Amino acid sequence: MNQMRAPIESGVPDNKQFLHPLLLKNYGNWKYHDRPRPGVLHHVARSGDEIWTVRAGTQRQMDVYTVRKLCDIADNFADGRVRFTIRSNIEFMVADQNKVAPLIAELQKSGFPVGGTGNSVSSIAHTQGWLHCDIPGTDASGAVKALMDELYEEFIREEMPNRVHLSTSCCEINCGGQADIAIVMQHTKPPKINHDLVANVCERPSVVARCPVAAIRPALVNGKPSLEVDEKKCICCGACYPPCPPMQINDPEHSKLAIWVGGKNSNARAKPTFMKLVASGLPNNPPRWPEVSAVVKKILYTYKADARPWERIADWVERIGWPRFFEKTELPFTKYLIDDWRGSRANLNASTHIRF
Ligand code: SF4
Ligand code: SF4
């Protein structure tokens, strides 16, 4: 018997039900697109239909009032639909060119900058942080807000040599990704163990299994079951903290921030690249992280002044070479920086999971 298949109740829903009707009508059938001004995309379909997309930046982690305000703007000034980009910019679509200017005016009046397209500094991607995750060493969204406040002009203009993707990660091992410039949490000391709490709070086998370099062993301390860390092996990753909060690794003095440069997923013009460490030991200094912002801006504006048109940061560094990069950005160079994976055999062989 030919029966209907039962619906699959997991995974993402089919996005077609949420698309703007004009996008749905012309799905896969677009002729060209251009950008009439920073923050606005204009798509023309083979059918002759046209649609304008207005992109705006937000403060990233949003309260319900802000979400409602954005929805009201969509209802009153756009066609009632929004979508988010991979860097969490919000986009409003309108099928009538006359709606573009009032929509931009309303967004700007409400405090949402319009931009983030083409050769701009788009919104900074950040990891989930304290809102969803149990191991953040810093407030990724706060660092992003502080930095984007300073890069506002670069968001609303398209004056960079090529697009610039920035990211912030609040630990150094899990989510986060490749970016032209990345801010990454960096613990510099192994965890301190509160032995009185381990037996009450932790499942010791889970903690032992969690360590990527097998540095944790069960131990008896003062007659109670606890743990010990082989500090020569520990890479200060912080992975042991979630299954065992008494393994304290966040520290106001020793938890720092590092800057990585030159990652990209795109394979336009040159192949995708891994980013490399160029500055470390910067203070984790909320609420504005001025030391981190200063290094990021120094790298960014050196790139802006020195790169050729269409060079991404990785392409620029490839052309001038790492010694010139450190000279031009005036960052101190040490032997611990820019590990380029030629040494990956030694690095990865420190792992219990990968051997080659
Ligand atoms: S980067 Fe690390 S701490 Fe931050 S949200 Fe991802 S897993 Fe959690
Ligand atoms: S910080 Fe990372 S490497 Fe060090 S003991 Fe914990 S899990 Fe292992």
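Whatever order the structure lists them in is the order used to number ligands and atoms, beginning at 1. Treat the numbers as computed from the prediction; the structure is a model and nothing was measured. Just so you know, residue 1 is the first one in the sequence shown, and it goes up from there.
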Check atom 8 (Fe) of ligand 2 and write out every protein N, O or S atom at under 2.8 Å, as residue and atom.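 Result, waters dropped: C211 SG.
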*N284 vs S255, side-chain hydrogen bond (donor to acceptor under 3.5 Å, both in side chains): CA-CA, chis, key distance, verdict*: CA-CA 7 Å; N284 182 17; S255 293; over 6 Å; no
Besides V198, the hydrophobic cluster formed by Ile, Leu, Val, Met, Phe, Trp and Tyr side chains linked at under 4.5 Å, directly or via other members, contains I193, V207, V208, I216, L227, V229, M247
Side-chain atoms of residues 231-241: list all donor-acceptor pairs with protein atoms under 3.5 Å, sequence neighbours left out, distances to 0.1 Å.
residue : atom : partner : partner atom : Å
K233    : NZ   : A214    : O            : 3.3

List every atom of ligand 2 that sits less than 4.0 Å from any heavy atom of G238, numbering the atoms from 1 in the order shown and giving each element.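 Going through ligand 2 atom by atom, the ones under 4.0 Å from G238 are 1 (S), 2 (Fe).
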>> Measuring only between side-chain heavy atoms, which start at C-beta, is D34 closer than 4.5 Å to P36?
In response: yes
Check: Does the side chain of N265 come within less than 4.5 Å of H165's, by heavy atoms?
Finding: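 Side-chain contact under 4.5 Å: no.
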State whether a side-chain donor-acceptor pair under 3.5 Å links N29 with S47.
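Judged by distance alone, the side chains do not pair up.
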Begin with the C-alpha distance, continue with both residues' side-chain angles, and end with the deciding distance and a verdict on side-chain hydrogen bond (donor to acceptor under 3.5 Å, both in side chains) for T273 and Q178.
CA-CA 8 Å; T273 49; Q178 297 303 314; over 6 Å; no
Is the distance between the ring centroids of W260 and F274 under 6.0 Å? no
Mutual orientation of the aromatic rings belonging to H43 and H33 [parallel < 30°, tilted 30-60°, perpendicular > 60°]: parallel
Plane angle bin for F325 and W322 - parallel if under 30°, tilted between 30 and 60°, otherwise perpendicular: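 W322 vs F325 ring planes: perpendicular.
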- Item | Of the protein N/O/S atoms, how many lie under 2.8 Å from atom 8 (Fe) of ligand 1 |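 The number of such protein atoms is 1.
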